[in-house]
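See structure below.
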Amino acid sequence: MTIDLKKIKSITRKTRTETTLQEDRYLLSLAWDLMQEKDSDGQSRGTLPYTLKSINMFQTACKNNPENIRITHHLAIAYHAYAWDLETQNDPRAAKFWRLALEFWRKIISSGQFWREMTAKMIKCDSEISEDKAQKHVAKIRKNLYENLLDIHVAFIAYYHECGNMDRAAVHVDIVNAAQIPPAVSLRLVRQVYDDMTRSMPESINAGDYDSALETIQAFLKMFPGHIEGLCAYIDVAKNWLHSCSYIDDWDQIVSITKKIRPFSIKLTTHADFANNPTAKIGLADMVKEIFYHSFDRNNSLLPDNVERISIVNRDLAMDSFMLAIDFGRIAYASAPSGHEITKMLPVFLRNYVFCLGLKVGDVMESAGTTSKDILLSTLTDLLESAIQYTEESLSYEYDENASQELDKYKELLNSLQF
């Protein structure tokens, strides 16, 4: 007698498949019963999106047959609903079930079988719809489903930001960032977060509350530090705030603003997309221009034309404001559009700073009789080396005959000290 192994294997497979299907139906019926909301007589009053017992039963069914897309669909819905309830109770377990729900929804999106069944059900429910129209409608749902599922996380980010609960917001930021979605979709979602979080920002700016506007953008950038539009918006708000200030009445505030915005200015210039973003370059240069204007006006008031009338206090104050302008000028100079004002003003600030260093050299020379030789030489050396450094830097930006001659003098004086 010949044994037909192929036939035996086929019978075995069919038997296993039928057994698995019977087990699936049994487990699904149990889970379905566990989802019924029952009255005092034990009669069903309707079906709940989940119960904890039904989730456990669906998990057992999924473990028994992970390929059954209907079980996967039930679990996706149950996990999503459970995550929502946990979220509203501020339960940290919500994050786990949000992620599980998205994982199961992704399996559903990838299942051709599921969407074919959906199309068939749509045609069955609507006898007037054509198969082609049903397929297109279902295809659209399938294409947008994952992005639509992430919308709730975008909403939660904005909600928790308004509540000041940034730890909870960060959980949803992580979920959005971890989502396996095309870059264009990710950009749209992040843009939606930005729009939601900054919706009230124009009111703050109109009311002159620039600090609040910056804090809003800063909170967004803490979650999405690589968002160049957010960085540009931060610089733009800072520019408007600086423009509203007076160097006479608000100098301390101007300095405070620059401390806030300096790290964001550097982040912008080091962003991978900065080099190819003309708007970002112009925005940064225009913001730095506001700092230049304030420093220029302040220094004109501190340094009279008559050198003999310049006090030590005013000279040092001027040097501080010169250095503030120089610092930001260095950040923005390389990327500033050709011919922008800051490219012309930066070498001027450097030369003026050197001018003040020259005044300090003169003061030190006058104190020669009351200062030890070692301290005198050390102080003069530091000042002259700085004068040479800043003069050379100014000449690298723009040649100036007077500056070139001053550079030679400083070098000669430094050499005379060393010998």
Side-chain angles (χ1 to χ4, degrees), residues 8-122 124-125 138 141-142 145-153 156 168 171-172 174-176 178-181:
I8 292 174
K9 287 181 180 179
S10 177
I11 294 171
T12 302
R13 280 196 299 269
K14 287 181 182 179
T15 303
R16 285 177 179 172
T17 300
E18 183 58 34
T19 300
T20 300
L21 289 175
Q22 288 179 2
E23 289 176 348
D24 287 351
R25 285 192 286 268
Y26 173 69
L27 292 171
L28 283 172
S29 67
L30 291 177
W32 186 257
D33 184 63
L34 290 170
M35 290 170 63
Q36 303 309 305
E37 184 180 22
K38 297 181 179 180
D39 58 22
S40 57
D41 296 326
Q43 300 299 313
S44 175
R45 294 191 300 185
T47 304
L48 298 168
Y50 78 94
T51 63
L52 293 180
K53 289 182 178 180
S54 71
I55 287 179
N56 290 334
M57 190 60 67
F58 281 130
Q59 288 173 334
T60 300
C62 185
K63 187 176 180 180
N64 181 64
N65 185 8
E67 302 302 319
N68 188 318
I69 200 63
R70 293 182 181 181
I71 298 173
T72 302
H73 188 217
H74 281 301
L75 271 175
I77 295 171
Y79 284 148
H80 196 96
Y82 187 38
W84 178 273
D85 286 347
L86 291 173
E87 190 74 47
T88 58
Q89 297 164 21
N90 202 29
D91 191 317
R93 291 178 298 166
K96 172 186 174 181
F97 287 95
W98 283 124
R99 292 187 175 94
L100 278 171
L102 287 172
E103 177 185 333
F104 277 74
W105 281 118
R106 178 168 286 283
K107 291 178 181 178
I108 291 165
I109 293 169
S110 301
S111 170
Q113 174 197 341
F114 179 85
W115 298 102
R116 286 191 295 272
E117 291 179 1
M118 283 287 290
T119 303
K121 287 179 181 178
M122 177 173 284
K124 186 176 181 180
C125 292
V138 169
I141 295 173
R142 182 181 186 181
L145 179 56
Y146 203 73
E147 183 177 353
N148 291 339
L149 289 166
L150 290 170
D151 280 344
I152 187 60
H153 301 288
F156 273 127
R168 293 298 301 164
V171 170
H172 294 276
D174 289 343
I175 291 173
V176 172
Q180 298 175 21
I181 50 179

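Note that the coordinates shown come from a computational prediction; the quantities given were computed from them, not determined experimentally.
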Exercise for review: Kindly give the heavy-atom pair with the smallest separation between I109 and L145, and that separation in Å.
Suggested key: CG1-CD2, 3.8 Å
Practice item. Report the C-alpha distance between H80 and L149 in whole Å, list the side-chain angles of each, state the deciding distance to 0.1 Å, and finish with yes or no for side chain to side chain contact (heavy atoms under 4.5 Å, CB included). Key: CA-CA 9 Å; H80 196 96; L149 289 166; 3.8 Å; yes
Practice item. Measure across N65 and I71 and return the closest heavy-atom pair with its distance rounded to 0.1 Å. Key: O-CD1, 4.3 Å
Check your understanding: If you measure from OG on S111 to CG on N68, what distance do you get to the nearest 0.5 Å?
Key -> 10.0 Å
Review point. NZ/K107 to CD/E67 distance, rounded to the nearest 0.5 angstrom?
Key: 8.5 Å
Check your understanding: Per the side-chain contact (heavy atoms from CB on, under 4.5 Å) rule, which among W105, F97, F58 passes with Y79?
Key -> F97
Check your understanding: More than 12 non-hydrogen atoms from neighbouring residues, nucleotides or ligands closer than 6.0 Å to CZ on R142, yes or no?
Key -> yes
**Study point:** Nearest-0.5 Å distance, CE of residue M122 to CD1 of residue I141
**Key:** 5.0 Å
Point to revise | Side-chain donor/acceptor of R99 to backbone N/O of A178, under 3.5 Å | key: no
Practice item. List in chain and number order the residues that pass side chain to side chain donor-acceptor pair (under 3.5 Å) with D85, two or more places apart in sequence or in another chain; answer none if no residue qualifies. Key: Y50
Revision key, fill the gap. Shortest non-hydrogen pair, P49 vs A81, comes out as CB-CB, 3.8 Å
Practice item. First locate atom NZ of K124, then atom CD of E117, and finally report the distance between them rounded to the nearest 0.5 Å. Key: 11.5 Å
Review point. Can you check whether S110's main-chain N or O pairs, donor with acceptor, with W115's side chain at less than 3.5 Å?
Key: no
Exercise for review: Report the distance from atom CZ of R70 to atom SG of C62, rounding to the nearest 0.5 Å.
Suggested key: 15.0 Å
Practice item. State, with a plain yes or no, whether a side-chain heavy atom of Q36 is found less than 4.5 Å away from one of L48. Key: no
Exercise for review: Taking the side chain as every heavy atom from C-beta outward, state whether F104 and I77 have any pair of such atoms under 4.5 Å apart.
Suggested key: no
Review point. Checking side-chain hydrogen bond (donor to acceptor under 3.5 Å, both in side chains) against E87, which of H153, R93, R168 comes through?
Key: R168
Practice item. Check I108 against A76 and note the closest heavy-atom contact, atom names and distance. Key: CD1-CB, 3.7 Å
Review point. Which word best sums up how the rings of W84 and F156 line up, parallel for under 30°, tilted for 30 to 60°, or perpendicular for over 60°?
Key: tilted
Exercise for review: Could you give me the CA-CA distance, side-chain angles and deciding distance for L150 and L102, then say whether side chain to side chain contact (heavy atoms under 4.5 Å, CB included) is met?
Suggested key: CA-CA 9 Å; L150 290 170; L102 287 172; 3.9 Å; yes
Revision key, fill the gap. When rounded to the nearest 0.5 Å, the distance separating CD1 of I152 from CD1 of I175 is 11.0 Å
Practice item. Determine whether more than 12 heavy atoms belonging to other residues, nucleotides or ligands lie under 6.0 Å from atom CD of Q89. Key: yes
